Amino acid sequence: MTITTLDKPSAKPLLDWYDRHHRDLPWRVSPDMAARGVKADPYHVWLSEVMLQQTTVQAVKPYFARFLERWPHVTDLADADNDAVMAAWAGLGYYARARNLKKCAEAVAREHGGVFPNTEEGLKSLPGIGDYTAAAVAAIAFNRQAAVMDGNVERVISRLYAIATPLPAAKPLMKEKVALLTPAARPGDFAQAMMDLGATICTPKRPACSLCPFRDDACQALKLSEPELFPVKAAKKEKPVRYGAAFIAVTGDGEILLRRRIDSGLLGGMTEVPTSAWTARIDGEVSTAAAPFDAAWQACGTVIHVFTHFELRLSIWRAAIAAKISTNDGWWEPVTNLEAQALPTVMKKAIATAIPLAFKTSKG
DNA sequence: TAAACGTGGGA
DNA sequence: TTCCCAAGTTT
């Protein structure tokens, strides 16, 4: 005879918790909506999942709304102009996501008749869709029993089972545990419940264990009275500093010189002001040697911007010139039209340092 | 396997 | 202030 015990994790208490305490999110079909027959839109689910990669819910919300308003269907995004998509993504970071987003939309439109594949495997073959996103879209949009594992789930699972192996080595074991826990019914809600739990209860610091659906007996980390010990992670590496110069040339007509970065690598495909190379150390004086042309360049400050794997200290130079100077690459853009450009945050900071009124907010 | 790849907000 | 990190993917 089968005996049900409470000391092993079960999806049921979590789903019950989710029914009462789920977050209402713009891209989400909540349980009450599902009960009224509302179905998840794969395009919405996919778009939100890509935007949410390594990005906070709060940051994503306005971008998600603008993308849907401008490109209501995946075929609209497939037909969109590349630079328009990059400009719409500007500020959200990890710009390879935007490049792959566009490629993925094109693949869905042209190779799949405008319909997203409804299996994990089919989704995973698309640009920008990895293990997590494939499982998330399969579960949330297509009700597939896929094991969804993101940073939240890793934290919850590592605590439920008190997994002492450090990340990322522990991922295969964690994935195994998630797969065993994922129910055949409501797999999408289960995945979202795990993520909501990780975001609101099973937080990295000071988890609210008294409110957790696994509080009674299931959580091994809580039994040890040390939930914050999990997950165990490898030590971080030191962040190097790089230096460079950026040049903001302004004409009497109020236009500045911009150019487009190459499609690959850091800020790939985004717009920038001319800059020097970003080198690991200052060789001699900070200078205008890398300026796009000779002019009366004036130093007007330094921008310090922290990327994922290095810190950039950018010396900002400004020159007022009478008229446009012809250059090999780039174009002159009215300062009044900078909001429409694909300018990453670091470039908005650089321009704002030279032209304080260039943007509505000084922080870009 | 490990490094590259952005940003802004909270503690 | 400084550190941490948030629904990861690609190479």
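Keep in mind it's a predicted model, so treat the numbers as computed, not measured. Letters A, B, ... mirror the listed sequences (proteins, then strands); counts begin at 1.
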Identify, with sequence neighbours excluded, every residue that meets side chain to side chain contact (heavy atoms under 4.5 Å, CB included) alongside A295(A).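 If we apply the side chain to side chain contact (heavy atoms under 4.5 Å, CB included) test to A295(A), skipping adjacent residues, the hits are F293(A), W297(A), A319(A), I321(A).
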What pairs meet the side chain to side chain donor-acceptor pair (under 3.5 Å) rule with one or both residues in residues 195-205 of chain A, with sequence neighbours excluded?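 Qualifying pairs: R23(A)-D196(A), R28(A)-D196(A).
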For DNA chain C, which residues of [range] approach it to below 4.0 angstrom with any heavy atom?
range                       : answer
residues 56-74 of chain A   : T56(A)
residues 116-152 of chain A : P127(A), G128(A), I129(A), G130(A), D131(A), Y132(A), T133(A), D150(A), G151(A), N152(A)
residues 179-202 of chain A : M195(A), A199(A)

Residue list, side chain to side chain donor-acceptor pair (under 3.5 Å) with K102(A), at least two apart or on another chain: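 Only E106(A) meet the side chain to side chain donor-acceptor pair (under 3.5 Å) criterion with K102(A).
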Any pair with a residue in residues 182-239 of chain A that passes ring pair (Phe, Tyr, Trp, His ring centres under 6.0 Å), sequence neighbours left out, goes on the list, sorted by first then second residue, please.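 Ring pair (Phe, Tyr, Trp, His ring centres under 6.0 Å) check on residues 182-239 of chain A returns no pairs.
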Among residues two or more places apart or on two chains, list those pairs meeting ring pair (Phe, Tyr, Trp, His ring centres under 6.0 Å) that have a residue in residues 107-151 of chain A.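 Qualifying pairs, neighbours excluded: W46(A)-F116(A).
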Run the ring pair (Phe, Tyr, Trp, His ring centres under 6.0 Å) test against F64(A) and tell me which residues pass, sequence neighbours left out.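 Partners of F64(A) by the ring pair (Phe, Tyr, Trp, His ring centres under 6.0 Å) criterion, ordered by chain and then number, come out as W27(A).
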Listing, residues 32-44 of chain A side-chain donor-acceptor contacts under 3.5 Å, not counting sequence neighbours, or none:
unit_1	atom_1	unit_2	atom_2	d
D41(A)	OD1	Y43(A)	N	2.8
Y43(A)	OH	W71(A)	O	2.7

May I ask you to check if K177(A) and Y161(A) form a cation-pi contact, with NZ or CZ under 6.0 angstrom from the six-membered ring centre and within 45° of the axis?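 Yes; both conditions hold, so K177(A) lies above the ring face of Y161(A).
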Which parts of residues 16-28 of chain A get close to DNA chain B, meaning a heavy atom less than 4.0 angstrom away?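 Those residues whose heavy atoms fall under 4.0 Å from DNA chain B, taken from residues 16-28 of chain A, amount to none.
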Please table the atom pairs, donor to acceptor, closer than 3.5 Å between any side-chain atom in residues 118-126 of chain A and protein atoms at least two apart or in another chain.
unit_1	atom_1	unit_2	atom_2	d
N118(A)	OD1	R144(A)	NH2	3.1
T119(A)	OG1	G122(A)	N	3.0
S125(A)	OG	G122(A)	O	2.7

